[in-house]
Visitor: 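Mind looking over this structure? Questions follow.
Predicted model, so just to flag it, every value in this text is computed and none were measured.
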Amino acid sequence: MDKVRRILVFVCKDRVAPQRAHFVQSIVGLFSEGGDDEVEVSCSLEKNRFILSRAEMGRGIPLKRPAFCPIKHLSVTEAAAIPPDVGQRGVDVGVAVLLQTANQRVLLTRRAKELRIFPNVWVPPGGHVEPDEMLLDAGLRELEEETGLKLDPDQLSPQILALWESVFPPMLSRGLPHRHHVVVYVLLRSPHTHLQLQPFLSPSPAEVSACLWADEQLVRAVVSAVDGEDRDVPLDGLPASIRVSQLSADGALTDFLLPVEVFISRAPSDGPDVERVSTGTKYALELWLRSLKEAQV
């Protein structure tokens with residue numbers, strides 16, 4: 001048997017055995033009715049296969065894609081133009097850790113500008129799932145590799161917030177897709193504040209160029225800047241600049257001020273990308289805000 005190199009998405013529908021998802025197949029579209037961009041699914045990681053199936057409303061985990069998802073809008077001609085080595089990749093699985101502190105902040109990182117996929121974009125720490133690895137283990141490993149934070153899993157309260165169908169480039173106007181993922185957003189609640197965790201931050205310069213402990217007020221502004229829309233974002237009470245920890249040339253973290261507009265920037269429909277919070281991250285943060293509200297009830 002060939003050695004498993006990547007964890008891929010398998011879909012189970014109509015009581016048929018799980019089938020490997022095709023690169024040009026929208027996972028949300030497979031389960032949705034009428035072209036909806038959000039469905040509820042059940043997920044499991046079995047024998048190095050990430051298996052998805054449709055769940056009853058209110059009993060599953062949300063799986064969403066953006067309205068402008070390139071795979072959703074891919075024409076037959078465009079699909080045929082995708083290079084064979086890309087088209088045969090399947091759909092990869094990633095995990096992203098939304099680390100919530102005891103004082104209700106979440107850790108965001110800015111991806112290094114040298115990265116090939118989503119460079120200079122703000123996301124939670126995360127990455128691929130390795131063979132024979134559980135989702136939580138993968139998230140904790142990526143968190144440590146990218147930020148230097150090593151957390152005790154026994155002190156955390158893990159919860160899968162949602163799944164996100166991610167494609168790069170994120171819009172067809174920027175070229176044909178060459179990466180297709182389902183990202184699992186895992187919420188981890190730490191018993192420590194961001195001030196207690198900050199001294200242990202030691203980002204990997206190959207992957208991360210800055211870090212931010214975002215509070216609830218900033219997050220509300222971030223999720224209000226919906227990609228694909230042009231509504232004004234309320235900035236009441238927010239400072240003109242946001243303090244982040246930026247990685248200097250010698251590898252040290254230094255305080256740096258970024259205009260608040262960076263965090264409410266939207267994904268441009270064409271041309272080069274801009275520094276912004278990723279669309280999937282906005283979705284996960286929206287669900288995080290909802291979880292805070294539910295916890296207060």
Side-chain angles (χ1 to χ4, degrees), residues 4-13 18-32 35-55 59-74 79 82 86-98 111 116-118 121 123-139 141-143 158-171 177-187 227 267 278-288:
V4 175
R5 296 183 179 180
R6 295 181 292 122
I7 305 300
L8 298 176
V9 173
F10 284 70
V11 293
C12 185
K13 191 176 181 183
Q19 303 292 312
R20 176 175 153 173
H22 300 295
F23 182 86
V24 295
Q25 178 182 52
S26 171
I27 308 303
V28 172
L30 180 70
F31 293 114
S32 68
D36 293 339
D37 291 321
E38 186 171 4
V39 296
E40 287 192 19
V41 296
S42 298
C43 68
S44 61
L45 187 55
E46 304 174 17
K47 298 179 180 179
N48 289 320
R49 302 184 303 171
F50 189 67
I51 301 174
L52 296 177
S53 59
R54 185 67 189 262
R59 295 188 176 184
I61 298 169
L63 164 64
K64 189 172 182 178
R65 67 184 176 188
F68 49 80
C69 174
I71 299 294
K72 172 185 177 181
H73 298 286
L74 203 64
I82 293 176
V86 174
Q88 295 169 6
R89 282 186 59 90
V91 180
D92 291 279
V93 179
V95 60
V97 172
L98 211 60
R111 290 172 57 82
R116 291 178 296 174
I117 299 176
F118 295 107
V121 170
V123 297
H128 68 284
V129 181
E130 293 185 348
D132 302 318
E133 196 173 37
M134 302 302 290
L135 291 174
L136 177 59
D137 296 332
R141 172 184 52 77
E142 288 287 348
L143 178 67
Q159 172 192 348
I160 295 181
L161 270 183
L163 311 180
W164 177 259
E165 187 167 9
S166 173
V167 180
F168 188 85
M171 298 181 184
H178 56 81
R179 288 294 184 272
H180 188 182
H181 287 77
V182 167
V183 179
V184 184
Y185 283 97
V186 179
L187 174 63
D227 291 321
S278 79
T279 310
T281 300
K282 291 178 181 179
Y283 174 58
L285 289 174
E286 182 181 355
L287 295 180
W288 175 67

Visitor: Any chance you could lay out the ring-ring contact (aromatic ring centres under 6.0 Å, His included) test for F168 and F118, step after step, and finish with the verdict?
Guide: CA-CA 8 Å; F168 188 85; F118 295 107; 4.9 Å; yes
Visitor: Examine distances only and state if a side-chain atom of R5 and a backbone atom of P131 form a donor-acceptor pair shorter than 3.5 Å.
Guide: no
Visitor: Is any side-chain N of the basic residue among R141 and E133 closer than 4.0 Å to the acidic one's carboxylate O?
Guide: yes
Visitor: Could you state the interatomic distance from CG (D132) to CG (D137), rounded to the nearest 0.5 Å?
Guide: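 Those atoms lie 11.0 Å apart.
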Visitor: Can you name the closest pair of heavy atoms from R89 and L8 and give their distance?
Guide: O-CD2, 3.6 Å
Visitor: Drop me the distance from L52's CG to F10's CZ, to the nearest 0.5 angstrom.
Guide: 11.0 Å
Visitor: If the test is side-chain hydrogen bond (donor to acceptor under 3.5 Å, both in side chains), which one of K72, H181, H180 qualifies with E165?
Guide: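 Looking at K72, H181, H180, the match for E165 under the side-chain hydrogen bond (donor to acceptor under 3.5 Å, both in side chains) is H180.
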Visitor: Nearest 0.5 Å please: distance from the OG atom of S32 over to the CD1 atom of I27.
Guide: 11.0 Å
Visitor: Will you find, in the side chains of H22 and Q88, an N or O donor that is under 3.5 Å from an N or O acceptor?
Guide: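 Judged by distance alone, the side chains do not pair up.
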Visitor: At their closest point, which heavy atom of V41 faces which heavy atom of F31, and how far apart are they?
Guide: CG1-CD1, 4.1 Å
Visitor: Look only at the side chain of E142 and the backbone of A96, and say whether a donor-acceptor pair between them is shorter than 3.5 Å.
Guide: no
Visitor: Test C43 against I61 for side-chain contact (heavy atoms from CB on, under 4.5 Å), laying out the working first.
Guide: CA-CA 8 Å; C43 68; I61 298 169; 3.7 Å; yes
Visitor: Are the side chains of I71 and P177 in contact, using a 4.5 Å heavy-atom criterion?
Guide: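 Yes, close enough: below the 4.5 Å cut-off.
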Visitor: Please round to the nearest 0.5 Å and tell me the distance separating atom CD1 of I117 and atom CZ of R111.
Guide: 7.0 Å
Visitor: Got a second to check how far Y185's OH is from I160's CD1, nearest 0.5 Å?
Guide: 13.5 Å
Visitor: Please lay out, stage by stage, how R65 and S26 fare under the test side-chain contact (heavy atoms from CB on, under 4.5 Å).
Guide: CA-CA 9 Å; R65 67 184 176 188; S26 171; 2.7 Å; yes
Visitor: State, yes or no, whether a side-chain contact exists between P169 and H178 at a heavy-atom distance under 4.5 Å.
Guide: yes
Visitor: Would you sort out whether E38 and Y283 count as a side chain to side chain donor-acceptor pair (under 3.5 Å), showing the intermediate values?
Guide: CA-CA 11 Å; E38 186 171 4; Y283 174 58; 2.8 Å; yes
Visitor: Show the numbers, then the answer: is there a side-chain contact (heavy atoms from CB on, under 4.5 Å) between V91 and F50?
Guide: CA-CA 10 Å; V91 180; F50 189 67; over 6 Å; no
Visitor: With L98 as reference, evaluate L285, L287, V186 under the side-chain contact (heavy atoms from CB on, under 4.5 Å) test and give the passing residue.
Guide: L285
Visitor: Quick one: does T279's side chain get under 4.5 Å of F68's, heavy atoms only?
Guide: yes
Visitor: Shortest non-hydrogen contact from A138 to H128?
Guide: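 Scanning both residues completely, I find the closest heavy atoms to be CB-O, 4.2 Å.
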Visitor: Please step through side-chain contact (heavy atoms from CB on, under 4.5 Å) for the pair V9 and D92, ending with a clear verdict.
Guide: CA-CA 6 Å; V9 173; D92 291 279; over 6 Å; no
Visitor: I need the minimum non-hydrogen distance between V28 and K64, along with the two atoms involved.
Guide: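 Closest pair (atom of V28, atom of K64, distance): CG2-C, 3.8 Å.
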Visitor: Any side-chain heavy-atom pair from I7 and R49 closer than 4.5 angstrom?
Guide: no
Visitor: Between P124 and T281, which heavy-atom pair has the shortest distance, and what is it?
Guide: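 Heavy atoms only, the tightest pair is CD-OG1, 3.2 Å.
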Visitor: Once rounded to the nearest 0.5 Å, what's the spacing between atom CG of L163 and atom CD of E40?
Guide: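 Between atom CG of L163 and atom CD of E40 there are 11.0 Å.
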Visitor: At their closest point, which heavy atom of D227 faces which heavy atom of K282, and how far apart are they?
Guide: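 Residues D227 and K282, closest heavy atoms: OD1-NZ, 3.1 Å.
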